[in-house]
Amino acid sequence: MPQNDATRQSSSGRLRPIEGRHNALVKQLRRAFSQAELTEDGACAIEGLRIVEEAVRSGLKFQAVIFSQGGENKAERLLPQLGAHVETVVLPDKLFAEVVPSETPQGVAALVYLKKFSLEDVIAKAQAGPLLAIAGLQDPGNLGTILRSAEAFGAAGVLLGEGTVSPFNSKAIRGSAGSAFRMPLARAKLLEITRQLRASKIRLIATSSHAGTPLPEAQLSGELAIFIGNEGAGLPKDLLAKMDELLAIPHSPRVESLNAGVAASIVLYEISKQES
């Protein structure tokens, strides 16, 4: 038997077919995607071949990998990368499309366990690079961009404030291109932790559309926490009052403000440039 035929037969033999939408695993996956939160036992729902492979590369533990019948060919590529203990199932295409939120499903999804970090864990990492504190960001794509830039430019961790979109949202994970699997994250009440951050000798900085130190003139050495606000309203006034410095990113006056993900990326790049 040719090798690829043997591999195909081995892959298909490992997949357990599921037909019913009331199956416990299907219900878990649907709930995790729809609520953009972890399952009861702490698993995160992800989808797409590239993202599943990023989870493998990041060393995450898998609960299950779910294929559609139309995406069964991806099993040949993925199964050799997964431990034998990982549950692997195949769903009818229609059922898979009902469960997975993507408008164009890629035929593979998974339940994975992300690494857990406490608030104290993340704050302690400020010695290794800047922290980001996200206040009320609503767009999951923006959060994904920020997580991707955070990893790319050496940020040490991200604090997710009240009202911020869930980092377990499938669009946020997809936008992060896998950085969500590796970047230390913790939820926090940002106003309450400003004192804790300052007690740890961490300087508090925020971006501003209209006022502040021009970014190229700012001194961005030492331990920093960069506060990024809501797409429309920016940072709440009570948080702004706690900042040690405001930064203004120079841009054309024809543009009122920058996208939150873009602003965070520019500041992180400037910090990395000053450190190099």
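These numbers come from a predicted model, not from an experiment.
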Note to self: Nearest 0.5 angstrom please: Thr164 OG1 to Asp139 CG, how far?
What the structure shows: 12.0 Å
Item checked: Intermediate values then yes/no, side chain to side chain contact (heavy atoms under 4.5 Å, CB included), Arg198 and Leu204 -> CA-CA 7 Å; Arg198 195 170 278 115; Leu204 312 183; 3.3 Å; yes
Item checked: Which atom of Ser179 lies closest to which atom of Glu151, heavy atoms considered -> OG-OE1, 2.5 Å
Notebook entry, point to check: Considering residues, nucleotides and ligands other than Tyr269, do more than 12 of their heavy atoms fall under 6.0 Å from its OH?
Noted result: no
Next item on the list: Salt-bridge test for Lys27 and Glu98: reply yes if a basic N is under 4.0 Å from a carboxylate O, no otherwise.
Entry: no
Next item on the list: Please name the pair of heavy atoms, one in Val65 and one in Phe62, separated by the smallest distance, quoted to 0.1 Å.
Entry: CG2-CD2, 3.7 Å
Item checked: Gln196 atom CD, neighbour heavy-atom count above 12 within 6.0 Å -> yes
Check: Heavy-atom distance under 4.5 Å between the side chains of Val90 and Phe96, does that happen here?
Finding: no
Check: Is Ile228 reachable from Leu215 through a run of hydrophobic residues whose side-chain heavy atoms are each under 4.5 Å from the next?
Finding: yes
Check: Is Phe117 linked to Leu114 within one hydrophobic cluster, defined over Ile, Leu, Val, Met, Phe, Trp and Tyr using a side-chain heavy-atom separation of less than 4.5 Å?
Finding: no
Notebook entry, point to check: Donor-acceptor pair, Asp93 side chain versus Gln69 backbone, under 3.5 Å?
Noted result: yes
Note to self: Please check this pair: side chain of Ser200 against backbone of Ile202, looking for a donor-acceptor N/O pair closer than 3.5 Å.
What the structure shows: no
Margin query: So if I apply the side chain to side chain contact (heavy atoms under 4.5 Å, CB included) rule between Val122 and each of Leu185, Leu131, Leu160, which one comes out positive?
Written below: Leu131
Check: Under the side chain to side chain contact (heavy atoms under 4.5 Å, CB included) criterion, do Met183 and Arg148 qualify, and how do the steps go?
Finding: CA-CA 9 Å; Met183 180 59 51; Arg148 188 173 185 175; over 6 Å; no
Next item on the list: Output the distance between atom CG (Leu111) and atom CD (Glu47), rounded to the nearest 0.5 Å.
Entry: 12.5 Å
Notebook entry, point to check: Once you round to the nearest 0.5 Å, how far does CD1 of Ile134 lie from CG of Leu132?
Noted result: 5.0 Å
Next item on the list: Indicate yes or no for a side-chain donor-acceptor contact from Gln138 to the backbone of Gly163 under 3.5 Å, with no hydrogens or angles considered.
Entry: yes
Note to self: Nearest 0.5 angstrom please: Ile173 CD1 to Phe168 CZ, how far?
What the structure shows: 7.5 Å
Note to self: Let me check something: do Val112 and Val56 share a hydrophobic cluster, defined by ILVMFWY side-chain heavy atoms less than 4.5 Å apart, either directly or through other members?
What the structure shows: yes
Margin query: Quick one, Arg31 with Glu40, criterion salt bridge (Lys or Arg N to Asp or Glu O under 4.0 Å). Give me CA distance, side-chain angles, the key distance, then yes/no.
Written below: CA-CA 10 Å; Arg31 191 179 304 116; Glu40 289 182 2; 5.2 Å; no
Next item on the list: Give the C-alpha distance, both sets of side-chain angles, the deciding distance and a yes or no for side chain to side chain contact (heavy atoms under 4.5 Å, CB included) between Leu191 and Lys242.
Entry: CA-CA 8 Å; Leu191 193 60; Lys242 300 289 186 182; 4.0 Å; yes
Notebook entry, point to check: At their closest point, which heavy atom of Arg21 faces which heavy atom of Leu95, and how far apart are they?
Noted result: CB-CD1, 3.6 Å
Margin query: Testing the basics here: between Leu147 and Ser176, what is the closest heavy-atom pair and its distance to 0.1 Å?
Written below: CB-CB, 4.0 Å
Margin query: I need the Lys74 NZ to Phe67 CZ distance, nearest 0.5 Å.
Written below: 9.0 Å
Check: Taking atom CG of Asp121 and atom NZ of Lys115, what is their separation to the nearest 0.5 Å?
Finding: 13.5 Å
Check: Are Leu239 and Leu159 in one and the same hydrophobic cluster, where Ile, Leu, Val, Met, Phe, Trp and Tyr link if side-chain heavy atoms are under 4.5 Å apart?
Finding: yes
Checklist line | Distance-only polar pair, side chains of Glu245 and Thr213, donor-acceptor under 3.5 Å | finding: yes
Check: Between the main-chain N or O of Pro140 and the side-chain N or O of Asn169, is there a donor-acceptor pair closer than 3.5 Å?
Finding: no
Notebook entry, point to check: Are any non-hydrogen side-chain atoms of Val26 and Val99 less than 4.5 angstrom apart?
Noted result: yes
What side-chain donor-acceptor pairs closer than 3.5 Å can you find for residues 259-266, not counting sequence neighbours?
{"residue": "Asn259", "atom": "OD1", "partner": "Gly261", "partner atom": "N", "Å": "2.7"}
{"residue": "Asn259", "atom": "OD1", "partner": "Val262", "partner atom": "N", "Å": "3.1"}
{"residue": "Asn259", "atom": "ND2", "partner": "Asn142", "partner atom": "OD1", "Å": "3.0"}
{"residue": "Ser265", "atom": "OG", "partner": "Ser149", "partner atom": "OG", "Å": "2.6"}
{"residue": "Ser265", "atom": "OG", "partner": "Gly261", "partner atom": "O", "Å": "2.7"}

Check: Are the side chain of Ser58 and the backbone N or O of Ala55 linked by a donor-acceptor pair below 3.5 Å?
Finding: no
Notebook entry, point to check: Given side chains that start at C-beta, do those of Glu19 and Pro92 come closer than 4.5 Å, heavy atoms only?
Noted result: yes
Next item on the list: Begin from the C-alpha positions of Arg203 and Glu223 and carry the test salt bridge (Lys or Arg N to Asp or Glu O under 4.0 Å) through to its verdict.
Entry: CA-CA 6 Å; Arg203 195 153 54 106; Glu223 297 178 20; over 6 Å; no
Margin query: Taking the basic N atoms (NZ, or NE/NH1/NH2) and the acidic carboxylate oxygens, is any pair closer than 4.0 Å for Lys189 and Glu162?
Written below: no
Note to self: For a quick test of reading the model, state the closest non-hydrogen atom pair linking Ala109 to Val52 and the distance between them.
What the structure shows: C-CG2, 4.5 Å
Item checked: Closest non-hydrogen atom pair, Leu268 against Pro130 -> CD2-CG, 4.1 Å
Item checked: ILVMFWY network linking Ile205 to Ile146, side-chain heavy atoms under 4.5 angstrom -> yes
Notebook entry, point to check: Side-chain contact, heavy-atom cut-off 4.5 Å: Val267 with Phe153?
Noted result: no
Check: Do NZ/NE/NH1/NH2 and the carboxylate oxygens of Arg50 and Glu53 come within less than 4.0 Å?
Finding: no
Next item on the list: Verify side chain to side chain contact (heavy atoms under 4.5 Å, CB included) between Leu220 and Lys273, making sure each step is shown before the conclusion.
Entry: CA-CA 10 Å; Leu220 299 173; Lys273 190 171 71 170; over 6 Å; no
Next item on the list: Check whether any side-chain N or O of Gln106 sits under 3.5 Å from a backbone N or O of Leu49 as a donor-acceptor pair, and report yes or no.
Entry: yes
Check: Can you find a heavy atom in the side chain of Phe181 that is under 4.5 Å from one in the side chain of Ile46?
Finding: yes
Note to self: Using modelled atom types and a 3.5 Å cut-off, is there a donor and acceptor pairing between side-chain atoms of Ser166 and backbone atoms of Ala36?
What the structure shows: yes
Check: Backbone N or O of Arg14 within a donor-acceptor pair of the Thr88 side chain at under 3.5 Å?
Finding: yes
Next item on the list: Would you indicate whether the side-chain heavy atoms of Pro250 and Pro216 approach each other to under 4.5 Å?
Entry: yes
Note to self: Can you confirm whether Tyr113 sits close enough to Cys44 that some side-chain heavy atom of one is under 4.5 Å from a side-chain heavy atom of the other?
What the structure shows: no
Next item on the list: State, yes or no, whether a side-chain contact exists between Ile66 and Leu91 at a heavy-atom distance under 4.5 Å.
Entry: yes
Note to self: Quick one about Glu87 and Gln63 (side-chain donor to acceptor, distance below 3.5 Å, no hydrogens or angles considered), yes or no?
What the structure shows: no
